[in-house]
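Comments concern the structure below.
Lettering of chains follows the sequences in order, A, B, ..., and the numbering in each one begins at 1.
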Protein chains: 2
Amino acid sequence: MARVGRRPGKVDTRAQILRAARAAFDEAGYAGTSIRAVARRAGVDAALVHHFFTDKAGLFVAVMELPVDPVPAERVAVAGGSSDGERVVEGFLAQWEQGPGPGGSFRALAQGICESPRIAERMRELLAEGTWGGTGHGREVERRRSALVWSQLVGLAWARYVVGIEPLASADRAEVARWVGPTIDHYARGGLPAGLRTPTGGPQVAEAGS
Amino acid sequence: MARVGRRPGKVDTRAQILRAARAAFDEAGYAGTSIRAVARRAGVDAALVHHFFTDKAGLFVAVMELPVDPVPAERVAVAGGSSDGERVVEGFLAQWEQGPGPGGSFRALAQGICESPRIAERMRELLAEGTWGGTGHGREVERRRSALVWSQLVGLAWARYVVGIEPLASADRAEVARWVGPTIDHYARGGLPAGLRTPTGGPQVAEAGS
DNA sequence: GTCTATAATCGGATAGAC
DNA sequence: GTCTATCCGATTATAGAC
């Protein structure tokens, strides 16, 4: 009874720093965000940030850990049986369009990857680890498919959020998904035996599954 | 006669700064490169760089102006009649693999775009202006095609050069081109009338009409 | 046009007291 | 766990002498 609503004293400082850092990275990017600024925003001291996350890259990696997973969409695309490209694209985009800034998190992530080799490496790990669930056959091909899917998704996000190329920047998610979906399908499960083939051919072939 | 071989006294200082800046950006990225470092490298004073290019972003934009054109490949893809996707991809990659660092220029460019809105805007301009040569019909569609092509190309470069995702990072250019080429073809001239269609299907649909 | 010197900040990181 | 104080390094930008 008395233990029910136990308020976590001061447990939230770390999480608070994380939230502040995430917001700051979203707004100002990786280089544009200082540890001091994060601390100020979180209402704590800068040294605290340090002794929690060691250094700036560590903080960034920690921030990226939980809230936004850069891979799940891709995971779905390759591993899941229902590789509906459109859904994958829409989900991928939706994930980055939660916060206030339009795709601010993506910009921050991209910036971080550019600047810190450590972050880039962390991304590689994430990608590699999340790629194939249990399928042991055709490792090489699966890896290739996964990489190709990811390349298109990341390029799309880049065009939409960072550079702002029209009509990709302003179009509806659903519309963009319609444009890019087939490519994802192609990469994820299109036939590319050896000499390669052209894109899937999808819907026009009666029930394309799914 | 006497004027033939006139050596340009000290005309090369500006160009020298540009070369130095380009090399520096390639190696250390945008944020990692200081104006001072550029000046040191060029053998001139930092103030000179300033009074030539105003600020860091200006220098970067100037650097990007001439040596590497981020769009020509795409221009070929959309405008040129011979929209050979594979060629486009290979040309695009080859362009970034000239210098010492593997794709260092791309990383630098990406970093610059991330950080400086001004650079991002400059990129937007470049993209927009280089997109359609003289074709006035189907502006909207052409723009979309162009944007999609660019999204895939940039995503590929990102995966290959910046993050280093395998097998995209180590594979031969030609091989990567074989993987991605069909997608470029699809975006550049695949049929997507209104309700959209799925990837080209290319060869199997006789003359796709364009 | 070119460079020296310096101003004015601001960044990350550490040591050590509460 | 938390914060104060501080070191040290680097950067942009400017003022002004040759």
With the threshold set at 4.0 Å, does a side-chain nitrogen-carboxylate oxygen contact exist between [X] and [Y]?
X        : Y        : answer
A:Glu121 : A:Arg118 : no
A:Glu90  : A:Arg87  : no
B:Glu115 : B:Lys56  : no
B:Arg41  : B:Glu27  : yes
B:Arg160 : B:Glu97  : yes

* Spacing of the P atoms in C:dA8 and D:dC8 (rounded, Å) ->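 Between the two P atoms, the distance is 23 Å.
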Between [atom2] on [N] and [atom1] on [X], what's the gap in Å once rounded to a whole number?
X        : N      : atom1 : atom2 : result
A:Arg36  : C:dT9  : CZ    : C1'   : 11 Å
B:Leu48  : D:dC18 : CG    : P     : 18 Å
B:Glu115 : D:dT11 : CD    : C1'   : 14 Å
B:Phe53  : C:dG1  : CZ    : P     : 12 Å
B:Arg14  : C:dC3  : CZ    : P     : 16 Å
B:Asp45  : D:dA13 : CG    : C1'   : 12 Å
B:Ile35  : C:dT2  : CD1   : P     : 16 Å

Please tell me which of the listed nucleotides, [options], lies nearest to the side chain of [X]?
X       : options               : answer
B:Ala47 : D:dT4, D:dT14, C:dA13 : D:dT14
A:His50 : C:dA13, D:dT4, C:dC3  : C:dA13
B:Phe52 : C:dT2, C:dA13, D:dC3  : C:dT2

* Please determine if a side-chain N or O atom of A:Thr13 lies less than 4.0 Å away from the OP1 or OP2 oxygen of D:dT2. =>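 Answer is yes, contact under 4.0 Å.
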* Asked: Is the phosphate of D:dT11, meaning OP1 or OP2, less than 4.0 Å from a side-chain N or O of B:Ser34?
  ->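 Yes, such a contact exists.
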* 5'-most by nearest nucleotide on DNA chain C - A:Lys56 or B:His51 ->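 On the 5' side of the pair lies B:His51.
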